[in-house]
A.B. asks: 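Got a structure for you, written out below as structure tokens; questions coming shortly.
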Amino acid sequence: MSEEKKSLNFLEQIIEEDLANGLSRDKLRFRFPPEPNGYLHIGHAASICLNFGLGLKYNAPVNLRFDDTNPAKEEQEYVDAIKKDIQWLGFKWANELYSSDYFQQLYDWAIQLIKKGLAYVDDQSSSEIAAQKGTPTEAGTNSPNRDRSIEENLELFEKMKNGEFPEGSHVLRAKIDMASPNMHMRDPILYRILNKEHHRTGNTWNIYPMYDWTHGESDYIEQISHSICTLEFKSHRELYDWYLDQVYSGKDLRPKQREFARRNLSYTVMSKRKLLQLVEEGYVNGWDDPRMPTISGLRRRGYTPKSIIKFSEVAGISKRDNVTDVALLEFCIKDDLNKTAPRVMAVLNPVKLVITNFPEGKEEWLEAENNPEDENAGSRKVPFSREIYIEKEDFREEANKKFFRLKLGKEVRLKNAYIIKAESVIKDENGEITEIHCTYDPLSRSGSGTEESKRKIKGTLHWVSIAHAVKAEVRLYDRLFSDEAPDNHKDKDFKEFINPNSLEIIDNAYVEPSLKEANIGDKFQFQRLGYFCVDTDSSTENLVFNRTVPLRDSWAKIEKKN
RNA sequence: UGGCCCAUGGUGUAAUUGGCAACACACCGGUUUUUGGUACCGACAUUCAAGGUUCGAGUCCUUGUGGGCCAACCA
């Protein structure tokens, strides 16, 4: 077994350098810091796999820390969903923590800052403060409140905390540099007044710390060695470091922030704000709609944790903007399911086929292999009889040589069954074919070992016995957007690119009877069609399958060319 | 009148850190096949541009060009 050498991504290289420069291996510690204001998506999966992957690789703890500093947006529902998703992916956090756990410590440090003359209370309006902020190309101007006395600042901040001021009336600001080329350094806000009930601290606090003030200090409290975030936080790093300077003891570990590019997927959007919009405006049926790029949506769609982890691995980590082809994600799930999903037969667009020389009333139970890719998968019995359904698309009265399926006067093999020959058709008044009449070769049964069964027949069709078939609902999903990067258009709203045909519901599909026992979440390959899973809406009375992803369809390509 | 980051095939990442541009996906062509699936084989790039340093540059330097981020009491 030769261990294939994997190159390190740039973050692993940074860690290796730190280790080489004397950082003790047992000091390594990571964190995944979601804000509980939405559901996790495939982009977060990249971060989860990265951080927890690092934890596994270096045998280091990884904390799950909810960044819950804004009670206006955050909810327990999201906390629960996030935990469920991470667990489903198979990762284990060392500690479940909340930024709100540190509100008191953060407050104490803020007092220290005021005492050092590094923070002041500003009672201007938010628009006044914004106006003084300047622009990226112009320096800002100092607030008239910038030189308040320490005593007055302490007193005002105390009143803010005690709820003596209305929301929005006062903020606590760090005193840094209004002329800094980095906008984040222009006296950033540390605290704002919010009269909101917090999902964990209730009504204890009237003031809430801002992200920048909270995040780095939380990392420090937890002694996170490498605080990994996405690229848009790069310019926050200077402030992250400045805040750390104010509280760092000089003795313990000092966290460092490093940034990587967020993972984008083609034909979808990845911002929580936009996903929330899709949910709230009814473009999809909830956060776990199988068309959503959320972890819960992918789970319901039939994706496995393994496939998502594989995708994250193979997509890699870098610092460039990217739009990863969704085909890569689809490859990962097909690759997994090909090895693991039992093969079954289902007909989605049925047409009746009668085998005229097969005895009426007779049924035969034929041996069917469960998975040719897995020797241990075993086999099952499927019922065969005189009348079966096949796919409408699998029959043509006439067709050229490239059409390997059933046509009048020609033979085709029924998977796991017999070779049949199309003799005639019956049509309704509209010319629509209602029945295909065939004859079968009784000696050609699959696996019987006869000369006849070994005949080379180009086409093989899947089918279900009408008398035994189970009716089912099948939901076919397509990409949610018709554009590769729907939110990359400056002049157009991403919703203009919504694919109106992203969901097709088939309510008269027929599946083989073995599927009656299928449970929610079970995954199958419907032979020649694709991978499907049992949806959460499914019941014994009404089986519902989601198409996870279709099989590669070479025939569709050949047809398209003509 | 700014600061910072990025630039390798259609896409995403590599390149032992200055030494034959590699892997995967997609696409195209073919072989095998009782799934037009899977598997297998083959085709597909002079590394954004121009200069420079060097025996040697995707990698270092300079100047451009293109893209992204930064002005929420969001994270």
A.B. asks: Could you tell me the separation between the OG1 atom of A:Thr135 and the CZ atom of A:Arg186, rounded to the nearest 0.5 Å?
C.D. replies: 6.5 Å
A.B. asks: Provide the distance between the two P atoms, one in B:U59 and one in B:G2, to the nearest whole Å.
C.D. replies: 27 Å
A.B. asks: How far does the C1' atom of B:C6 sit from the matching atom of B:U13, given to the nearest Å?
C.D. replies: 15 Å
A.B. asks: Parallel, tilted or perpendicular: which fits the ring planes of A:Phe165 and A:His170, with parallel below 30° and perpendicular above 60°?
C.D. replies: parallel
A.B. asks: Do A:Arg31 and A:His215 have a side chain donor and acceptor closer than 3.5 Å?
C.D. replies: yes
A.B. asks: Checking side chain to side chain contact (heavy atoms under 4.5 Å, CB included) between A:Leu172 and each of A:Leu113, A:Asp122, A:Val121, which is the one that passes?
C.D. replies: A:Val121
A.B. asks: Identify, with sequence neighbours excluded, every residue that meets side chain to side chain donor-acceptor pair (under 3.5 Å) alongside A:Lys407.
C.D. replies: none
A.B. asks: For the aromatic rings, using the six-membered ring if either is Trp, is the centroid distance between A:Phe545 and A:Phe526 under 6.0 Å?
C.D. replies: yes
A.B. asks: Across all strands shown, which nucleotide pairs with B:A57 by Watson-Crick or G-U wobble geometry, both distances under 3.5 Å?
C.D. replies: none
A.B. asks: Between A:Asp212 and A:Gly134, name the one whose nearest nucleotide on RNA chain B is closer to the 5' end.
C.D. replies: A:Gly134
A.B. asks: Is A:Arg263 near enough to B:U13 that one of its side-chain N or O atoms lies under 4.0 angstrom from OP1 or OP2?
C.D. replies: yes
A.B. asks: Working to the nearest 0.5 Å, report the span between OG of A:Ser318 and CG of A:Leu11.
C.D. replies: 10.0 Å
A.B. asks: When only distance counts, do a donor and an acceptor, one from the side chain of A:Gln13 and one from the base of B:U17, lie under 3.5 Å apart?
C.D. replies: yes
A.B. asks: Considering every strand and a 4.0 Å limit on heavy-atom distances, what is the contact class for A:Lys196: base, sugar-phosphate, or nothing?
C.D. replies: nothing
A.B. asks: Roughly how far apart are A:Lys175 NZ and A:Ile114 CD1, rounded to 0.5 Å?
C.D. replies: 11.0 Å
A.B. asks: Would you say A:Ser318 places a side-chain N or O within less than 4.0 Å of OP1 or OP2 belonging to B:G12?
C.D. replies: no
A.B. asks: Could you tell me how far B:U38 sits from B:U32 if I compare only their C1' atoms? Round to whole Å.
C.D. replies: 11 Å
A.B. asks: For A:Lys557 and B:C27, is the shortest distance between a side-chain N/O and OP1 or OP2 below 4.0 Å?
C.D. replies: yes
A.B. asks: Tell me which nucleotide, if any, is Watson-Crick or G-U wobble paired with B:G64 when both distances must be under 3.5 Å.
C.D. replies: B:C48
A.B. asks: Using atom CG of A:Asn264 as one end and atom P of B:G67 as the other, report the distance to the nearest whole Å.
C.D. replies: 17 Å
A.B. asks: Any N or O donor-acceptor pair linking the side chain of A:His184 to the base of B:A71 at under 3.5 Å?
C.D. replies: no
A.B. asks: Closest approach to the side chain of A:Val314, judged atom by atom: which nucleotide of B:A24, B:C70, B:C73 is it?
C.D. replies: B:A24
A.B. asks: How long is the line joining CG of A:Leu194 and C1' of B:C73, in whole Å?
C.D. replies: 8 Å
A.B. asks: Pull out every protein N or O sitting under 3.5 Å from an N or O of nucleotides 3-7 of chain B, one pair per line with the distance.
C.D. replies:
from : atom 1 : to       : atom 2 : distance (Å)
B:C4 : O2'    : A:Lys234 : NZ     : 3.4

A.B. asks: Looking at every strand, decide which applies to A:Thr69 at a 4.0 Å heavy-atom threshold: base, sugar-phosphate, or nothing.
C.D. replies: sugar-phosphate
A.B. asks: Please give the distance between the C1' atoms of B:A7 and B:A14 as a whole number of Å.
C.D. replies: 16 Å
A.B. asks: Closest approach to the side chain of A:Thr135, judged atom by atom: which nucleotide of B:C74, B:A71, B:A26 is it?
C.D. replies: B:A71
A.B. asks: Considering only atom P, compute the distance from B:G42 to B:C23 and round it to an integer number of Å.
C.D. replies: 11 Å
A.B. asks: Indicate whether OP1 or OP2 belonging to B:G68 is found under 4.0 Å from a side-chain N or O atom of A:Lys490.
C.D. replies: yes
A.B. asks: What is the separation between atom CZ on A:Phe157 and atom P on B:C73, rounded to the nearest whole Å?
C.D. replies: 16 Å
A.B. asks: How are the rings of A:His236 and A:His184 set to each other: parallel, tilted or perpendicular (split at 30° and 60°)?
C.D. replies: tilted
A.B. asks: Reckon A:Tyr208 touches a base, only the sugar-phosphate, or nothing at all at heavy-atom distances under 4.0 Å?
C.D. replies: nothing
A.B. asks: Over how many whole Å does the gap from A:Arg237 atom CZ to B:C69 atom P extend?
C.D. replies: 19 Å
A.B. asks: Under 4.0 Å, heavy atom to any atom of RNA chain B: which of residues 159-176 of chain A qualify?
C.D. replies: A:Gly168, A:Val171
A.B. asks: Applying the Watson-Crick and G-U wobble criteria at under 3.5 Å, what pairs with B:C23? Answer none if nothing qualifies.
C.D. replies: B:G12
A.B. asks: Do A:Ser307 and A:Asp336 pair up side chain to side chain, a donor and an acceptor below 3.5 Å, judged on atom types alone?
C.D. replies: no
A.B. asks: Could you tell me whether the side chains of A:Glu74 and A:His198 share a donor-acceptor contact shorter than 3.5 Å?
C.D. replies: no
A.B. asks: Please report the distance, rounded to the nearest Å, between OH in A:Tyr267 and P in B:G10.
C.D. replies: 16 Å
A.B. asks: When you check every protein heavy atom under 4.0 Å of nucleotides 30-42 of chain B, what one-letter string (B, S, -) results, 5' to 3'?
C.D. replies: ----BBBBB----
A.B. asks: Heavy-atom nearest nucleotide on RNA chain B for A:Ser127 versus A:Pro136: which residue maps closer to 5'?
C.D. replies: A:Pro136
A.B. asks: Can you label the angle between the A:Tyr418 ring and the A:Phe384 ring as parallel, tilted or perpendicular, going by 30° and 60°?
C.D. replies: tilted
A.B. asks: Rounded to whole angstrom, note down the P distance from B:U17 over to B:U53.
C.D. replies: 25 Å
A.B. asks: Answer yes or no: does atom NZ of A:Lys492 have more than 12 heavy-atom neighbours from other residues, nucleotides or ligands under 6.0 Å?
C.D. replies: no
A.B. asks: Going by the rule side chain to side chain donor-acceptor pair (under 3.5 Å), which residues pair with A:Asp483 if we only count those two or more places apart in sequence or in a different chain?
C.D. replies: A:His489
A.B. asks: Please name the nucleotide paired to B:U1 by Watson-Crick or G-U wobble geometry with both distances under 3.5 Å, or report none.
C.D. replies: none
A.B. asks: Between B:A26 and B:G18, how many Å separate the two P atoms, rounded to a whole number?
C.D. replies: 35 Å
A.B. asks: Could you state the atom-to-atom distance from CG of A:Leu190 to P of B:A72 in whole Å?
C.D. replies: 17 Å
A.B. asks: Taking syn as within 90° of 0 and anti otherwise, name the glycosidic form of B:U38.
C.D. replies: anti
A.B. asks: Between C1' on B:C70 and CE on A:Met183, what's the gap in Å once rounded to a whole number?
C.D. replies: 7 Å
A.B. asks: On a whole-Å scale, what distance lies between the C1' atoms belonging to B:G10 and B:A45?
C.D. replies: 12 Å
A.B. asks: Using ring-ring contact (aromatic ring centres under 6.0 Å, His included) as the criterion, list what pairs up with A:Tyr267, not counting sequence neighbours.
C.D. replies: none
